[in-house]
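Down below is the structure, laid out as structure tokens.
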Amino acid sequence: MYKKYHVIGLQRTGTNWLNELIQYNFYVEPTQADFWKHLTTLGVKSRRNYWRQWNVMEKDLFLKDDTFYIATSKDWELWCESLRKNAEDFSKSHRGVIYKNPNGTRDVYNAWHDWKNKQLSCDNFVYHNYLDWFKNWQTYLEDIHKATGWKKKHSFYKDVPYDIPRSENFDRMKYIMELDNDQTK
């Protein structure tokens, strides 16, 4: 049914961890996607580590029938906090929007969520919030397994036991502890 997958979301939303989680738990390959995992209609396309700017239309962000899309995002405040810590690729990919408009960052966030909301009814698209992924990843992997039929690599789902490539200092448990601390206050 779904031969490939594509993890998508704005920068700093756990896409690298999700990609590794899928690779570690299922026998499935990522797609050579037609659009970049962080792309919005307000951004740029990236091919082979080189940035080209041109207008991206919503029709360019289409879902392929043979690909399963796994999406994530953060709540606005948490996402802005992450961007303040490291916004290098966001600044490159959406520089025209954020430099021309004081509300550009919010516009990018809204554009991604508007596009995501239009995909929610598609059978090959699953979305969960960043913190929900962290707390419920095993349940969500089982939902993905049921939707895709992908063969499991382990008898039970396992978290990624190694450092996440392209995500320095990534620590899923740090976010869970911070969330739990905020809820007890």
Beyond-backbone contact of [X] with [Y], side-chain heavy atoms, under 4.5 angstrom:
{"X": "Asp159", "Y": "Tyr24", "answer": "no"}
{"X": "Leu141", "Y": "Phe26", "answer": "yes"}
{"X": "Ile144", "Y": "Ile22", "answer": "yes"}
{"X": "Leu83", "Y": "Thr105", "answer": "yes"}
{"X": "Leu63", "Y": "Gln119", "answer": "yes"}
{"X": "Asn25", "Y": "His154", "answer": "yes"}
{"X": "Val28", "Y": "Tyr2", "answer": "no"}
{"X": "Asn16", "Y": "Asn19", "answer": "no"}

Which atom names give the shortest non-hydrogen contact between Tyr130 and Gly14, and what distance separates them?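 The answer is CE1-N, 3.5 Å.
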Closest heavy-atom pair and its distance - Met1, Ala147: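 Taking Met1 first and Ala147 second, the nearest heavy atoms are SD-O, 3.6 Å.
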Does Trp133 use its side chain to pair, donor to acceptor, with the backbone of Ser73 at less than 3.5 Å?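 Absent.
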Pair Asp75, Asn129: side-chain N/O donor-acceptor within cut-off below 3.5 Å: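 Yes, a side-chain donor-acceptor pair sits under 3.5 Å.
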Report yes or no: do Glu20 and Tyr162 form a side-chain donor-acceptor pair below 3.5 Å?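 There is such a pair (donor and acceptor under 3.5 Å, judged by atom type) between the side chains of Glu20 and Tyr162.
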Do Trp137 and Tyr157 make the cut of ring centroids closer than 6.0 angstrom?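 Judged by ring-centre distance (under 6.0 Å), Trp137 and Tyr157 do not meet the cut-off.
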Could you tell me if the ring centre of Trp17 sits under 6.0 Å from that of Phe134?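 Yes - the distance between ring centres of Trp17 and Phe134 falls below the 6.0 Å cut-off.
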If the condition is salt bridge (Lys or Arg N to Asp or Glu O under 4.0 Å), which residues does Lys64 pass it with, not counting sequence neighbours?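 With neighbours one apart ignored, the set is Asp34.
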Please name all residues satisfying salt bridge (Lys or Arg N to Asp or Glu O under 4.0 Å) with Lys3, sequence neighbours left out, ordered by chain then number.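 Once residues adjacent in sequence are excluded, Lys3 has no partner under the salt bridge (Lys or Arg N to Asp or Glu O under 4.0 Å) criterion.
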Tell me, please, which residues at least two apart from Thr72 pass side chain to side chain donor-acceptor pair (under 3.5 Å).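 For Thr72 there are no side chain to side chain donor-acceptor pair (under 3.5 Å) partners, ignoring immediate neighbours.
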Quick check on Asp123: does its CG atom have over 12 non-hydrogen neighbours (other residues, nucleotides or ligands) under 6.0 Å away?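 Open.
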Residue Asn117 excluded, over 12 heavy atoms near CG under 6.0 Å: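 Yes, enclosed.
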Return the orientation label for the Trp112 and Tyr127 ring planes: parallel under 30°, perpendicular over 60°, tilted otherwise.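 If you compare the ring of Trp112 with that of Tyr127, the planes turn out tilted.
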Begin from the C-alpha positions of Lys74 and Ser82 and carry the test side chain to side chain donor-acceptor pair (under 3.5 Å) through to its verdict. CA-CA 9 Å; Lys74 289 182 178 177; Ser82 294; 2.4 Å; yes
Identify whether Tyr69 and Leu120 are in the same connected component of the hydrophobic contact network (ILVMFWY, side-chain heavy atoms under 4.5 Å).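 Yes, it is one cluster - the side chains of Tyr69 and Leu120 are joined through contacts under 4.5 Å.
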How long is the span from the CZ atom in Phe125 to the NE2 atom in His6, to the nearest 0.5 Å?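 Atom-to-atom, Phe125:CZ and His6:NE2 are 10.5 Å apart.
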Starting at CG of Asp143, measure out to OG1 of Thr148 and round the result to the nearest 0.5 Å.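 Atom-to-atom, Asp143:CG and Thr148:OG1 are 10.5 Å apart.
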Cation-pi between Arg106 and Trp76: NZ/CZ under 6.0 Å from ring centre and within 45° of the ring axis?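 Pair Arg106/Trp76 counts as cation-pi.
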